[in-house]
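Start at 1 and go down the list; that is how both ligands and their atoms are numbered.
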Amino acid sequence: MLLNSVDLFKKSEKYIPGGVNSPVRAFRYVNRTPFFVDRAKGPYIYDVDGNRYIDYVCSWGPAILGHAFDPVIEAVKEACCRGLTFGAPTEKELVLAELIQKSMPSMEMMRLVNSGTEACMSAIRVARGYTKRDKIVKFVGCYHGHSDGLLVKAGSGLMTESISDSSGVPSSYAKNTLLAEYNNIESVKSLFEKYGDDIACIIVEPVAANMGVVPPDIDFLKYLRVITQQYGALLIFDEVITGFRLALGGAQEFYSIKPDLTTLGKIVGGGMPLAVYGGRKDIMNCVAPIGSVYQAGTLSGNPIAVTAGIETLKYLINNPNIYSVIDKAAGKLEKAYLDIGVKVNRVGSLLSPFFTNKQVKSYDDVMTSDRDCFIKYFDFMLNSGIYVAPSQYEAMFVSLAHDNDIIDKTVDCIMKFGESI
Ligand code: KE4
């Protein structure tokens, strides 16, 4: 007999911490046990208990074309028959790099890796190697993966679990991580006035999406570009979420700001374990084997993951109207939240409702959101067949598969929830 989610969870807890391979999946923020997934197709995700949900988590962003998108699946199937991994260069890695460079001209050179964590960790190491400086600036509530120096007041799963700094990170690592406030120019200015010549880089989510979605003030983003140039530090745009999400050229196209380095993940791998870091040629020339900054990986540029990435990017490049389609669809959801009196932040197909009376423009504003109300919302949506992120500090993603009927059903559900509060 096939086990149900409750039994699978109980059994998984014996072997895997929290029964899950990434904390937010445990549904602890919403005081529930998680469903276990059987499969997904298009806008839907199916659990092992026979339930079907409209999925707005989209695997935390990658599924911009919907789940199991046929052209990607067909290409991956064909690639698998040619071998899963070689540990040697393939033409496909070059093809993907060219597609990325064509979409994001600032990425003059790049390295393919296997996770956003690895991309951000490597980009910071390159920034330190290039500038010969140790300190970095990140923003409270922003999340750049789980490498040691970045688990300081990070967002996403740490906020969900109310962990401000992960244990196991030596204070000697954390001391080189300077913290500023998102959308607060003064907080950045004061750090540079005090440490400017020791700062290797700023790493920033150009749209914060790991404390819920908090859009940047454009003057804030522009200031980051100016202050880093002024002090000889590098600007790293962490576009793991925004890359290929806001536009083909990501947030750097959307806001017309050119970073020195960029990290990509999620969409760029089409749902497979693939991420990228890259940027100015003179900086990337520091990377081994041509430079002294070391980074390596057995499955870096894996041919199956690269195949999924190529097919995804090719479809996005050949169908640029997708971005206006998903923007419009997300706009309908935004209006529904506003109509029921819930605050909402949206940038393109990325959005988050907040259960607070404040306009959410900062980490402190996010923290005024009411968790009990969020849990009521999550429960209502899930019981209505709609799966949104099980945490206030995650984003909602709209995909090409969320067609008008799906969006209308979701709007109806949001309106009904509004009647219940
Ligand atoms: P990964 O190592 O999870 O592939 O990427 C880390 C990362 C880096 N930068 C940004 C802006 C990110 O959002 C992420 C990872 N995002 C979270 C969800 N917000 C992944 C989900 C999870 O941790 O389970």
Side-chain angles (χ1 to χ4, degrees), residues 16-29 34 37 55-64 112-124 136 138-161 163 166 182 201-216 236-246 250-252 259 261-277 297 299-300 302 305 308-309 345 347 350-352 363 366 387-397:
I16 304 168
V20 292
N21 283 303
S22 200
V24 71
R25 304 177 189 177
F27 279 25
R28 288 155 53 106
Y29 185 83
V37 176
D55 177 19
Y56 285 103
V57 175
C58 294
S59 184
W60 311 101
I64 192 168
L112 308 182
V113 293
N114 294 121
S115 71
T117 293
E118 199 181 354
C120 293
M121 174 181 73
S122 306
I124 284 170
I136 67 169
K138 76 172 286 288
F139 295 88
V140 174
C142 284
Y143 180 72
H144 307 288
H146 64 88
S147 63
D148 285 338
L150 288 168
L151 288 179
V152 182
K153 297 274 188 302
S156 187
L158 282 101
M159 281 182 74
T160 299
E161 297 297 324
I163 304 171
S166 172
Y182 199 78
C201 65
I202 290 177
I203 184 164
V204 65
E205 292 180 59
V207 175
N210 282 290
M211 45 175 144
V213 175
V214 177
I236 302 176
F237 268 13
D238 176 353
E239 296 224 40
V240 166
I241 284 185
T242 55
F244 301 102
R245 166 66 55 185
L246 300 190
Q252 52 200 269
L261 293 172
T262 298
T263 56
L264 298 168
K266 298 181 193 277
I267 293 171
V268 76
M272 296 291 281
L274 188 149
V276 190
Y277 71 96
L299 297 176
S300 293
N302 172 271
N345 284 338
V347 183
L350 197 54
L351 67 160
S352 291
Y363 172 85
V366 169
Y387 174 43
V388 295
S391 165
Q392 172 65 80
Y393 311 120
E394 298 293 351
M396 189 172 185
F397 299 91

Got the closest protein heavy atom to atom 7 (C) of ligand 1, with its distance? G145 N, 3.8 Å

Considering only protein heavy atoms, which is closest to atom 18 (C) of ligand 1, and at what distance to one decimal place? E394 OE1, 3.3 Å

Exam field: side chain E239 to backbone A251, donor-acceptor pair closer than 3.5 Å: yes

With a cutoff of 4.0 Å, is A275 in contact with ligand 1, counting heavy atoms of the residue only? no

Counting non-hydrogen protein atoms only, what is the nearest one to atom 19 (N) of ligand 1? Give residue, atom name and distance. N210 OD1, 2.4 Å

Atoms in ligand 1 with a heavy atom of W60 nearer than 4.0 Å: 21 (C)

Quick test: of every protein heavy atom, which one is nearest to atom 1 (P) of ligand 1, and how far off is it to 0.1 Å? G116 N, 3.5 Å

Please write down residue, atom name and distance for the protein heavy atom closest to atom 17 (C) of ligand 1. K266 NZ, 3.7 Å

Short side-chain to backbone donor-acceptor contact, Y277 and L261, under 3.5 Å: no

Within 4.0 Å of some non-hydrogen atom of S156, the atoms of ligand 1 are 17 (C), 18 (C), 19 (N)

Any chance you could lay out the side-chain contact (heavy atoms from CB on, under 4.5 Å) test for V214 and V366, step after step, and finish with the verdict? CA-CA 8 Å; V214 177; V366 169; 3.8 Å; yes

Starting from atom 2 (O) of ligand 1, find the nearest protein heavy-atom neighbour and note its residue, name and distance. T117 OG1, 2.7 Å

Output yes when a side-chain donor or acceptor of N114 lies under 3.5 Å from a complementary backbone atom of L274, and no otherwise. no

Verdict with supporting geometry, Y393 and Y29, side-chain contact (heavy atoms from CB on, under 4.5 Å): CA-CA 10 Å; Y393 311 120; Y29 185 83; 3.7 Å; yes

Walk me through it: do F139 and K153 pass the test side-chain contact (heavy atoms from CB on, under 4.5 Å)? CA-CA 8 Å; F139 295 88; K153 297 274 188 302; over 6 Å; no

Based purely on interatomic distance, does E205 place a nitrogen or oxygen under 3.5 Å from a nitrogen or oxygen of ligand 1? no

For ligand 1, note which part of H146 has a heavy atom under 4.0 Å away: side chain, backbone, both or neither. neither

Please list the nearest protein heavy atom to atom 24 (O) of ligand 1 with its residue and the distance rounded to 0.1 Å. S22 OG, 2.6 Å

Distance only, no hydrogens: is a donor on one side chain within 3.5 Å (strictly under) of an acceptor on the other, for S156 and E394? yes

Please assess V207 against L246 for the test side-chain contact (heavy atoms from CB on, under 4.5 Å), listing each intermediate value before the final yes or no. CA-CA 9 Å; V207 175; L246 300 190; 3.7 Å; yes

The atoms of ligand 1 lying under 4.0 Å from a heavy atom of H144, numbered in the order shown, are 8 (C), 9 (N)

For S115, the ligand 1 atoms with a heavy-atom partner under 4.0 Å come out as 2 (O), 4 (O)

Is a donor on one side and an acceptor on the other found under 3.5 Å between the side chain of K266 and the backbone of W60? yes

Numbered in order shown, the ligand 1 atoms found under 4.0 Å of a heavy atom of V24 are 24 (O)

Distance-only donor-acceptor check, side chains T263 and D238, under 3.5 Å: yes

Taking 4.0 angstrom as the limit and counting only heavy atoms of I241, give me the atoms of ligand 1 inside it, by number and element. 13 (O)

Which protein non-hydrogen atom lies closest to atom 9 (N) of ligand 1, naming both residue and atom, and how far is it? D238 OD2, 2.7 Å

Please check this pair: side chain of T117 against backbone of H146, looking for a donor-acceptor N/O pair closer than 3.5 Å. yes

